[in-house]
Q: 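Sharing a structure with you now.
Given the structure is predicted, the values throughout are model-derived calculations rather than measurements. Excluded from the calculations below are hydrogen atoms, water molecules and symmetry mates; all remaining heavy atoms, backbone and side chain alike, are included. Naming: A, B, ... by sequence-line order, numbering from 1 per chain.
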There are 4 protein chains.
Amino acid sequence: MVPSDQVSRPPSRGRPRSADADRAIVTAALDLLEQHGYARLTLESVARRAGVGRPTIYRRWSTKDDLVVHVLTETVPPLEAPVTGDAVNDLRTMAIEFVTGLVNSPAGRSVLAVHAEAGRRPDLAARLREGYLLPRDRVVRDIVAYGHRHGQLTTGLGAETIRDLVFGPLIYHWLVSGDPLDPDTAATLVEAVLPAIRPPRAH
Amino acid sequence: MVPSDQVSRPPSRGRPRSADADRAIVTAALDLLEQHGYARLTLESVARRAGVGRPTIYRRWSTKDDLVVHVLTETVPPLEAPVTGDAVNDLRTMAIEFVTGLVNSPAGRSVLAVHAEAGRRPDLAARLREGYLLPRDRVVRDIVAYGHRHGQLTTGLGAETIRDLVFGPLIYHWLVSGDPLDPDTAATLVEAVLPAIRPPRAH
Amino acid sequence: MVPSDQVSRPPSRGRPRSADADRAIVTAALDLLEQHGYARLTLESVARRAGVGRPTIYRRWSTKDDLVVHVLTETVPPLEAPVTGDAVNDLRTMAIEFVTGLVNSPAGRSVLAVHAEAGRRPDLAARLREGYLLPRDRVVRDIVAYGHRHGQLTTGLGAETIRDLVFGPLIYHWLVSGDPLDPDTAATLVEAVLPAIRPPRAH
Amino acid sequence: MVPSDQVSRPPSRGRPRSADADRAIVTAALDLLEQHGYARLTLESVARRAGVGRPTIYRRWSTKDDLVVHVLTETVPPLEAPVTGDAVNDLRTMAIEFVTGLVNSPAGRSVLAVHAEAGRRPDLAARLREGYLLPRDRVVRDIVAYGHRHGQLTTGLGAETIRDLVFGPLIYHWLVSGDPLDPDTAATLVEAVLPAIRPPRAH
DNA sequence: CCATAAACGAGACGGTACGTCGGGTCTTAGA
DNA sequence: TCTAAGACCCGACGTACCGTCTCGTTTATGG
């Protein structure tokens with residue numbers, strides 16, 4: 001990946017940056033994020049665990065949040081579009097996969113933490129959206145386009161709205177209940193919203 | 001309010017805690033939360049602004065998060081049930097009011113911040129749900145019960161599910177877009193989900 | 001003893017001060033002084049150990065140093081004048097007894113600690129001298145007077161000077177060597193100074 | 001001077017410690033010692049006055065006492081041996097110079113304060129003796145050796161004993177009287193002790 | 001004999017300082 | 001010019017005591 005979120009640098013002169021250090025830092029950060037959560041994540045501890053000086057981290061990311069955003073966007077596996085020819089089914093599959101994956105990983109909590117600071121650092125939230133949420137968004141968009149073309153989804157709603165309708169209840173349920181969203185509940189919620197996104201003539 | 005979220009104390013002996021200090025601390029915390037956000041909130045700065053010694057805060061709340069949860073649950077105005085006889089309309093009104101209120105206040109971001117730490121401090125997230133989200137939940141429950149009785153809402157879905165369907169898309173939209181959810185978008189999303197919660201015979 | 005070093009009070013009305021509390025405080029202070037030394041002595045800890053509220057201590061002594069001075073002057077056993085008819089021998093006995101007693105008790109260190117603050121609180125050092133050192137001084141004075149009268153001590157030196165000559169080397173040795181002055185060394189030092197205080201005709 | 005009393009460190013790696021900070025800390029500590037005395041000396045206040053972070057002090061000295069000992073041993077001017085060929089006269093000169101210098105400076109009180117804690121921190125008292133008292137001791141030793149060789153001092157007493165006899169009364173007088181030992185009194189006391197240290201045949 | 005004054009223990013108050021941790025920066029020696 | 005190391009200043013952490021204050025309660029005494 002192009003380190004677009006890293007501190008920009010002039011064309012290479014002198015000793016090049018160590019790719020080993022890059023990897024060690026990101027790995028250490030991810031591990032610590034999983035073990036201790038976002039709030040306890042410390043650049044100090046990352047440096048220690050990565051066997052790296054703290055300035056070596058700052059040379060790459062100017063802030064703890066920058067590093068976290070990088071780690072989140074880089075390490076979360078890309079979401080595959082199912083594309084079975086049944087848009088409704090594809091959405092259901094994706095929603096459950098995405099949301100349960102998000103919720104049962106440190107990533108989910110970290111995303112919240114970063115968003116909590118979005119007022120203060122809009123760029124960060126933007127980058128997180130860009131690298132984390134929008135790639136998934138694009139997959140949704142494709143499925144919806146397919147569903148629209150084949151009359152499987154109501155054309156009265158845009159792709160964005162459909163996305164909100166399908167994913168929103170799952171996320172909200174997680175927030176409100178506090179429990180790690182089980183697949184059954186997720187399936188129930190997706191099922192419940194279907195009447196809203198199916199074409200009117202569908203029943 | 002019974003200070004159930006404060007550090008427990010034996011029955012009154014010695015000098016009682018100062019209600020003035022209570023108020024000053026909570027006020028200061030709320031102000032600073034609004035001005036600088038959750039991450040920059042410091043017990044030090046709260047103490048300074050409240051004109052209070054730091055130990056006076058620790059005597060009441062053992063943690064920044066404890067204090068924030070208290071402030072959130074105590075200061076956010078209670079949500080009124082509209083009760084116009086039209087359950088669907090009531091839900092719409094409530095959703096827009098609640099969500100826009102939540103999103104355009106420091107409370108929203110702070111709720112996220114606390115939830116981000118829910119893995120580490122489940123009690124906090126629980127208390128936040130109890131004091132902040134569930135009171136609103138109860139209002140929804142009443143409206144849904146009314147709607148069920150009068151055939152305005154499908155009986156196929158429980159109150160909890162309906163709540164998720166109505167509120168979820170709004171929250172999710174806010175998270176994903178990063179913008180402060182305007183009423184129009186909110187209305188659109190609520191409108192879109194109606195087919196899912198109206199009774200089948202409704203059209 | 002008249003509590004002249006305690007905070008003064010108007011003529012008795014209301015509940016009289018508890019003699020139990022007096023004793024408990026002094027005992028606790030002495031114990032803690034022995035166990036942990038002057039620097040670690042805390043009015044808090046004294047109160048705790050004495051089973052007494054902190055204000056009860058402040059009602060009697062306005063300062064840690066006041067309390068310590070009181071404890072030192074009250075608890076150190078009075079020095080007996082030997083009066084054997086041999087002034088030189090009496091001085092030797094007294095010096096060894098006094099100095100070894102002083103040095104091998106927490107009192108010695110505490111006396112130093114108080115004196116270290118004499119610049120700031122001259123009254124305290126004065127009171128310590130008055131209650132602790134001068135009573136011993138008076139005994140010395142008596143012995144010297146006897147010695148002068150009977151030609152056992154040179155009349156060229158005042159009682160004060162003789163006191164300094166006899167006691168000073170012992171104390172100084174203790175300070176410089178750091179070891180708990182043993183009786184042999186003490187005896188040697190007293191012996192060495194005798195030529196200076198004996199009358200010229202004595203040999 | 002080798003900073004043997006500072007916290008030990010591995011051979012040089014990373015940024016070296018700032019000599020400026022060293023100086024600023026020691027100067028600030030000395031000033032505050034003079035102005036407010038030992039008891040009011042605070043690492044916090046030293047840091048503030050030195051324009052230095054508190055951790056920068058702790059990196060060098062782990063304790064207020066460590067710092068004070070360093071300051072005392074480093075800043076007190078070295079004592080010069082007079083060496084006039086008259087050992088008795090040299091001792092007199094030295095005693096008066098040393099003791100009046102010690103007594104009329106914050107150093108004197110501070111030495112007492114540190115000694116008061118000698119029970120708890122024997123290493124500190126030892127270091128203070130080593131860096132503060134023993135250098136003076138060595139000068140005394142030289143003078144005594146000279147006096148012994150030239151029959152100016154009794155050979156019946158060791159250098160250490162002579163030191164105690166000459167210096168002790170001065171120090172003790174200071175402790176007991178509470179006054180800042182004037183040169184006249186000092187001279188009287190030294191004069192008085194001479195018969196004890198002169199050789200028997202000297203009169 | 002009861003009202004009052006002052007003590008009592010407990011513990012909170014606003015503070016100050018503690019010793020530590022982490023932030024983000026800078027400066028060294030060495031690769 | 002990078003690297004690891006480790007210093008720098010800063011500021012916040014959570015704790016311990018300070019000396020004072022307010023409680024509710026207890027205890028002598030004097031009107």
Q: Considering the options A/V68, A/V26, A/V69, which one meets the side chain to side chain contact (heavy atoms under 4.5 Å, CB included) requirement together with A/W61?
A: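 Checked A/V68, A/V26, A/V69 against A/W61; only one passes side chain to side chain contact (heavy atoms under 4.5 Å, CB included): A/V26.
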
Q: Check this one for me: any side-chain N or O of A/T56 less than 4.0 Å away from OP1 or OP2 of F/dA4?
A: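 For F/dA4, OP1 or OP2 has a side-chain N or O of A/T56 closer than 4.0 Å.
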
Q: Measure CZ/A/R60 against C1'/F/dA4 and give the value in whole Å, please.
A: 12 Å

Q: Could you say whether B/E44 or C/L41 is positioned toward the 5' end of DNA chain F, judged by the nucleotide with the nearest heavy atom to each?
A: B/E44

Q: As a test of understanding, state which of B/R121, B/R59, B/R60 forms a salt bridge (charged side-chain N to carboxylate O under 4.0 Å, His left out) with B/D66.
A: B/R121

Q: Distance check needed: F/dA7 P versus D/Y58 OH, whole Å only.
A: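 Distance, rounded to whole Å: 17 Å.
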
Q: Grab the CZ-P distance between A/R48 and F/dA5 for me, whole Å please.
A: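 About 12 Å, once rounded to whole Å.
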
Q: Which comes earlier along DNA chain F counting from the 5' end, the contact point of D/G51 or that of C/S45, where each point is its nearest nucleotide?
A: D/G51

Q: C/R40 near the nucleic acid: base, sugar-phosphate alone, or nothing, with a heavy-atom cut-off under 4.0 Å?
A: nothing

Q: Check the distance between F/dA28's P and C/D20's CG and give it to me in whole angstrom.
A: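 Going from CG in C/D20 over to P in F/dA28 covers 10 Å.
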
Q: From C-beta outward on B/T42, which listed nucleotide comes closest to its side chain: F/dA12, F/dA4, F/dT20?
A: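 The closest nucleotide is F/dA12.
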
Q: Between F/dC2 atom P and A/I25 atom CD1, what is the distance in whole Å?
A: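 One finds 14 Å between P of F/dC2 and CD1 of A/I25, rounded.
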
Q: From the set E/dG19, E/dC26, E/dG23, return the single nucleotide nearest to any side-chain atom of A/P55.
A: E/dC26

Q: Quick one: is C/S18 getting a side-chain N or O under 4.0 Å of the E/dA7 phosphate, OP1 or OP2?
A: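 No, no such contact exists.
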
Q: Suppose we call a contact any N or O donor and acceptor under 3.5 Å apart; does that hold for the side chain of C/R54 and the base of F/dG19?
A: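 Result: at least one qualifying N/O pair found.
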
Q: Taking the side chain as every heavy atom from C-beta outward, state whether B/R127 and B/T73 have any pair of such atoms under 4.5 Å apart.
A: no

Q: Any donor-acceptor pair under 3.5 Å between the side chain of B/R15 and the base of F/dC21?
A: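 A donor-acceptor contact between them is present.
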
Q: Need to verify one output field. Residue with the more 5' nearest nucleotide on DNA chain E, B/G14 or D/T63?
A: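 So the residue in question is B/G14.
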
